[in-house]
Amino acid sequence: MARYARVKGSIALITLTNPPVNALSAAVRRGIVESVSRALKDEQVKAVVFCGENEKFCGGADIKEFSGSMSGPPLVPMIHSIEAGEKPMVAAIEGVALGGGLELALGCHYRVANTKARLGLPEVTLGLLPAAGGTQRLPRLIGIPAALELITTGRHVSAQEALQLGIVDQVAQGSAVQAAMELALSVIGVCVCMLCVYVVCVCIYCVCVTGQPLNPRRLSLRAPVWAPDVDGVCDAALAQVKQRSRGAMAPVACVQAVRAAAMLPYSKGMERERQLMDTLFRSGQARAMQYAFFAQRNAGKWSLPNGSQWNNTRARDVQRAGVIGLGTMGRGIAVSLVKAGISVVAIEMDAKQLESGKKAVTAMLQRDAQRRGVSPPLHLLTFTLSFHQLRDVDLVIEAVFEDMNLKKRVFSDLCKVLRANALICTNTSGLNVDELAAVTDRQPLVVGMHFFAPAHVMKLLEVVYGSRSSPEAVATAMALGKRMEKVCVAVGNCSGFVGNRMLKLYLDQSVYMLEEGATPEQVDQALEEFGFAMGIFKVSDLSGLDVGWRVRKASGLIGPDVDPVKPSRWRLGRRYCPLPDMLCQQGRFGQKTGRGWYLYDSPGSKEAKSDPEIQTFLEDYRRKYGIIPRRITSQEVIERCAFALANEGFRILEDRIAASPEDIDVIYLFGYGWPRHRGGPMFYAGQVGLSVVLEKLEHYHRVHPDVPSLEPSRLLRRLVAEGSPPIQQWKSHIKNLRSHL
Ligand SMILES: CC/C=C\CC(=O)SCCNC(=O)CCNC(=O)[C@H](O)C(C)(C)COP(=O)(O)OP(=O)(O)OC[C@H]1O[C@@H](n2cnc3c(N)ncnc32)[C@H](O)[C@@H]1OP(=O)(O)O
């Protein structure tokens with residue numbers, strides 16, 4: 001779908017019409033091809049302007065089409081025919097010009113963007129490369145280093161930056177379409193300055209250049225962008241993306257394609273671009289990343305077991321919020337709220353804590369404002385020791401220490417001062433939201449808002465609905481999270497919710513493997529090669545080993561009856577690994593104490609080094625318990641960790657704690673560093689093959705019968721029995737479910 005109109009007598013205006021982002025679907029491509037041909041044939045038409053409906057130029061190729069068989073006119077020849085057209089073609093960029101959208105604009109002879117427009121080639125984030133000539137035209141326009149940076153990161157740039165880089169010719173304060181039409185008129189030799197009545201080549205009043213030849217504007221006609229240092233630049237970029245992308249293929253292919261633009265004529269470069277794209281397009285990585293794109297958007301379309309959902313429930317407006325507790329989490333939450341334009345009353349229990357919280361929050365906001373060249377919105381903050389200052393807030397987020405009794409006290413104190421209709425949210429990472437709500441006078445207005453540390457950086461927010469939480473409270477927390485630029489997922493109430501409930505089993509498998517013969521380094525290396533940013537033992541050191549220790553003590557797993565010399569490896573009816581507790585007993589809490597599973601130069605330093613003491617400690621431990629160490633392969637590490645995660649994910653779906661496997665994957669992608677090119681633990685299980693996962697879990701459960709969580713879940717068995725349907729259909733196979741609302 002593309003609309004054709006003749007405007008200003010001699011301009012053909014071609015408008016892409018495919019809301020919401022005017023993606024280049026087969027129908028849009030067909031519409032463009034027909035409109036361009038019409039414009040080229042129409043003798044009255046002297047120039048063509050492309051724009052998008054609803055002030056959005058184009059969000060790129062239609063990603064939904066990638067999973068089916070492609071039909072309609074292909075993009076590459078379509079863009080080529082635009083560039084080769086004998087009439088000036090001008091792109092009027094408003095909103096976004098991304099991926100194929102920007103490639104279409106690069107095929108035009110001129111580009112005009114509105115000040116608010118964003119431009120980019122984000123294909124790499126979908127496991128692809130800009131294969132409609134983007135890897136060949138962009139370097140010819142802005143040079144190899146800048147093109148490499150944009151194409152390998154997929155970063156969007158502002159109109160102003162695009163102008164500086166040379167991607168656009170003009171930035172318009174008002175309508176880009178209007179400005180593009182004026183540019184088009186000036187190019188075809190009609191001066192629009194109103195002072196000049198002649199058709200001229202250079203208007204002496206406004207110095208517009210008219211009657212320009214088109215060949216210099218055709219990027220494909222430009223020679224390769226070779227320079228003496230180009231090999232070095234590409235090699236450095238390759239090394240950088242290999243290190244950063246942790247096994248993702250697309251960034252490497254992007255560098256290879258851009259290198260071709262430096263070395264080869266355009267047609268050969270295009271061949272290279274196509275070959276690389278073919279490989280990526282067929283890869284499981286591209287499928288995983290495209291799945292992740294839609295899973296992220298679907299998470300916003302939350303639904304509760306009682307039928308309430310995103311499009312039938314209104315969120316309340318939140319103008320003023322309270323944050324209780326200014327530890328690491330509270331500070332990050334306060335910063336995110338203020339950045340979203342919300343007034344914050346931040347509360348601490350004692351003056352010293354309040355002062356240090358205030359300093360930290362202020363410094364974080366100042367740093368952020370400095371980076372963005374704006375002034376910090378400190379006027380939105382009130383720091384106080386008094387709960388009374390909360391009397392007119394719309395919502396409170398409690399972020400005190402992870403202790404049920406403390407949180408209950410805070411909740412009942414809050415009820416004494418808050419307005420009757422104010423929401424109370426808890427940032428607990430796994431405590432029972434219903435139990436907390438029960439001490440309040442407003443159970444329907446209590447929900448969990450589980451942020452991830454550091455809360456002003458991490459994207460994930462689990463919004464936890466309890467059995468009495470109202471749909472309106474869930475909608476409000478989801479909307480607030482979105483305003484704070486979080487990826488929000490609505491989840492049910494159970495110990496650990498979704499993310500930490502699964503994490504526990506992943507941690508268990510990791511420490512069991514240490515008992516059996518692995519080292520922290522081996523496990524972490526396998527996980528990092530798989531694509532995790534950090535192995536589980538490095539992450540544990542970063543988060544602090546004492547956190548889990550405290551939780552295990554509170555849950556009764558550690559108590560006075562545990563033998564301090566030879567602690568039991570069997571607790572609450574199942575295998576238990578006391579290694580993390582033994583480390584904590586030695587004061588090894590991780591980075592903060594300079595020692596944990598690894599050794600650090602000093603407390604607080606970040607570089608993890610192997611610690612020979614840990615090797616000796618593990619050897620002594622195995623000797624004490626008569627364990628004969630064995631070699632554990634990387635494959636076993638991945639299988640036991642990833643399949644344990646997925647198996648619990650299936651149980652979470654059975655229990656209806658998560659609404660879909662996509663939601664679980666989004667949680668792991670945005671909160672736990674799961675590699676995006678592997679889609680998420682549920683997607684990965686589907687990609688490996690559900691029957692393979694079942695077989696492996698059966699094997700590991702046979703070998704470790706004392707680990708009940710390795711027993712394959714009912715849902716996994718059912719899905720395999722029903723022929724391993726694709727992930728989008730799993731939901732319909734969940735029957736006889738308990739409702740949590
Ligand atoms: C030969 C190959 C050549 C080229 C390859 C490509 O062009 S690949 C595509 C490259 N483009 C992109 O990666 C852009 C993807 N989209 C976005 O980043 C954002 O959607 C965008 C455009 C910045 C808008 O963001 P916003 O937050 O405003 O909206 P949202 O993300 O929720 O999207 C709204 C709905 O539009 C759907 N959608 C967006 N982009 C595409 C697309 N390219 N193809 C298909 N559908 C797209 C998105 O899924 C949302 O749908 P909904 O049903 O409402 O959830």
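Remember, it's 1-based here, ligands and their atoms both numbered in the order they're listed.
- Take V463 and apply the side-chain contact (heavy atoms from CB on, under 4.5 Å) test, not counting sequence neighbours, and it matches L461, V474, A477, M478.
- Ring centroids of F670 and F452 are separated by 6.0 Å or more, keeping the two rings apart.
- Side-chain contact check for E472 versus R316: some heavy-atom pair is nearer than 4.5 Å.
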Which donor-acceptor pairs under 3.5 Å do side chains of residues 66-89 form with protein atoms, sequence neighbours excluded?
unit_1 : atom_1 : unit_2 : atom_2 : d
S67    : OG     : K64    : O      : 3.1
S81    : OG     : M78    : O      : 2.9
E83    : OE1    : S220   : OG     : 2.5
E83    : OE2    : R137   : NE     : 3.1
E83    : OE2    : L219   : N      : 3.0
E83    : OE2    : S220   : N      : 3.0
K87    : NZ     : A39    : O      : 2.8
K87    : NZ     : L40    : O      : 3.0
K87    : NZ     : D42    : O      : 2.8
K87    : NZ     : V45    : O      : 3.0

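- Protein residues with a heavy atom closer than 4.0 Å to ligand 1 are P20, V21, A23, G59, G60, A61, D62, I63, K64, F66, L75, L98, G99, G100, E103, R118, P122, E123, L126, M277, F293, F294, R297, K301, listed by chain and number.
- In this view, A369 and V374, P376 satisfy the side-chain contact (heavy atoms from CB on, under 4.5 Å) rule, not counting sequence neighbours.
- Note that CG of L276 and OG1 of T135 are 8.0 Å apart. Values are rounded to the nearest 0.5 Å.
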